[in-house]
2 protein chains.
Amino acid sequence: MAYRETEKMRQRKAQARQRIIDCTYECVANGGFRSARITRIAGLAGVATGTIYRHFESREDLFAEIFRTATQREVDKVAEALNTDGDAAVRLEAALRQFAERAMRGPMMAWALIAEPVDPKLEEERLVYRRAYAELFEKAIRDGIEEGCIPDQDARQSSTCLVGAIAESLVGPLSPTLAGQITIADIDKNKLVDSIIRFCMQGLTGTRR
Amino acid sequence: MAYRETEKMRQRKAQARQRIIDCTYECVANGGFRSARITRIAGLAGVATGTIYRHFESREDLFAEIFRTATQREVDKVAEALNTDGDAAVRLEAALRQFAERAMRGPMMAWALIAEPVDPKLEEERLVYRRAYAELFEKAIRDGIEEGCIPDQDARQSSTCLVGAIAESLVGPLSPTLAGQITIADIDKNKLVDSIIRFCMQGLTGTRR
DNA sequence: ATAAGCAGTGAATCATTATTCATTTCTTGT
DNA sequence: ACAAGAAATGAATAATGATTCACTGCTTAT
């Protein structure tokens, strides 16, 4: 017995894996999943294409991992925003704002996660992702109903509507066809986010503001 | 000069073209765009694959035509619902209901039009399609604002939220992974549609009902 | 009946990339 | 230094289906 897996090797492998992940992330953040080629990723990461397959079962698997990682980051941010002070309605509003504003800050990745046409396996991940958001919102709505600051309603259904309203409102502005050509001024972004949120909060509370 | 295009020929060609369209529609209504194979369509229509290309530039082109046709049918129905009596809010509610109920009646086609991952060219058609709905709603919202039954707001933005809220709410129930397995009882469908519409109308009017 | 010209045919081609795997290179313990 | 084994390589392969095009067979006007 001559070769034995050692700590040094374990680390080196882990590093390569991380490099692959990082470069994939970069490719996706740059042109979405569809246009991210394995050969390009391998090139960027400084490994051969075959090496990718020593770390990931398949392209789809690699993408699924990226999807989950990127998603979790976003979901965590929204969860964080839901954990601040104030009544449930206020916290929800902060969370919705966080969701929308982060999407506009990284439009291509947001588009890839929310709206890019992807293969079935990734589409499944996306449903999980949307569900995760919806569940966060749902919980907050229930809290609000208990607190009395949000009227009684089907929390699950309403949370789904929230996700849909925001996603749809962002698809246009995020769409990569436009993203390169049109630059949305910050002031417009704010107005956009404000009116989305107004609609959503009214939908929830049935109260004009 | 021996051969000259005659009325009979023109008709025969038109019939073949229509058969191709019909069969494509059937395939899509059955499994979405992605799974609709040219060879299968040709087989159903009783023509050779090559013949498809005498009538349509490409697969994408054929699909785009189907997309437009199917879409126009839906948009017309919604427009019709907006043209009935009552104040703008009532008419809008009827239109939203029409949209949602028709989708649940033909779930696979609705999914293909609303949520199926498709190629860029079709995705473009889809944006047009969503815009068409949004514009109908937008017009109605403006009417409502003038009539005084809907408070002043960014009609365009609100209409986008409407489309998103409905679409997102339907994606889950329409998703073909489930469609075959779970049958949604009519009573559930009604409850679903009701709560979507409640959210939407509250979002618009800021009034509980 | 015939010839001109269009429509229809469908097997063969093409294009695109993810994936494989025989080979090479590197790491380790003795 | 060496052998045993693991990791990396990347050119070749595979798979998929849309698209083509040389050919066949109809339709028409004379």
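Just so it is clear: chains get the letters A, B, ... in the order the sequence lines come, proteins before strands, and each one is counted from 1. Quick caveat, the model's predicted, so the values are computed rather than measured.
Proximity of a side-chain donor or acceptor of B/Ser35 to a complementary backbone N or O of B/Gly31 within less than 3.5 Å is detected.
What separates CZ of A/Arg34 from P of C/dT16 is a distance of 15 Å, to the nearest Å. Here the P atom of nucleotide D/dT20 and the CD1 atom of B/Ile38 are 11 Å apart, to the nearest Å. C/dT17 atom C1' lies 15 Å from atom CG of A/Leu62, rounded to whole Å. Atoms CD1 (B/Ile41) and P (C/dG8) sit 17 Å apart, rounded to a whole Å. For the pair A/Asp61 CG and C/dT19 C1', the interatomic distance rounds to 13 Å; values are reported in whole Å.
Contacts between residues 8-20 of chain B and DNA chain D, defined by a heavy-atom separation under 4.0 Å, are made by B/Lys8, B/Met9, B/Arg12. Proximity of residues 42-60 of chain A to DNA chain D (heavy atom under 4.0 angstrom from any strand atom) is restricted to A/Val47, A/Ala48, A/Thr49, A/Gly50, A/Thr51, A/Arg54.
Judged as a ring pair (Phe, Tyr, Trp, His ring centres under 6.0 Å), the pairs with a partner in residues 16-51 of chain A (not counting sequence neighbours) are, in order, A/Phe33-A/Phe63, A/Phe33-A/Phe67. Applying the ring pair (Phe, Tyr, Trp, His ring centres under 6.0 Å) definition to pairs two or more places apart or across chains, none involves residues 39-59 of chain B. The salt bridge (charged side-chain N to carboxylate O under 4.0 Å, His left out) analysis of residues 21-48 of chain A, with sequence neighbours excluded, yields the pairs A/Arg34-B/Asp119.
Looking at B/Arg102, B/Arg68, B/Arg105 one by one, the single match for salt bridge (charged side-chain N to carboxylate O under 4.0 Å, His left out) with B/Glu74 turns out to be B/Arg102.
The shortest non-hydrogen separation linking A/Phe199 to B/Cys200 is CZ-O, 4.1 Å.
Checked against side chain to side chain donor-acceptor pair (under 3.5 Å), B/Gln153 has the following partners two or more places apart in sequence or in another chain: B/Ser158.
A salt bridge links B/Asp143 to B/Lys139: one of the charged nitrogens lies within less than 4.0 Å of a carboxylate oxygen.
The side chain of A/Arg37 contributes an N or O atom lying less than 4.0 Å from OP1 or OP2 of C/dT17.
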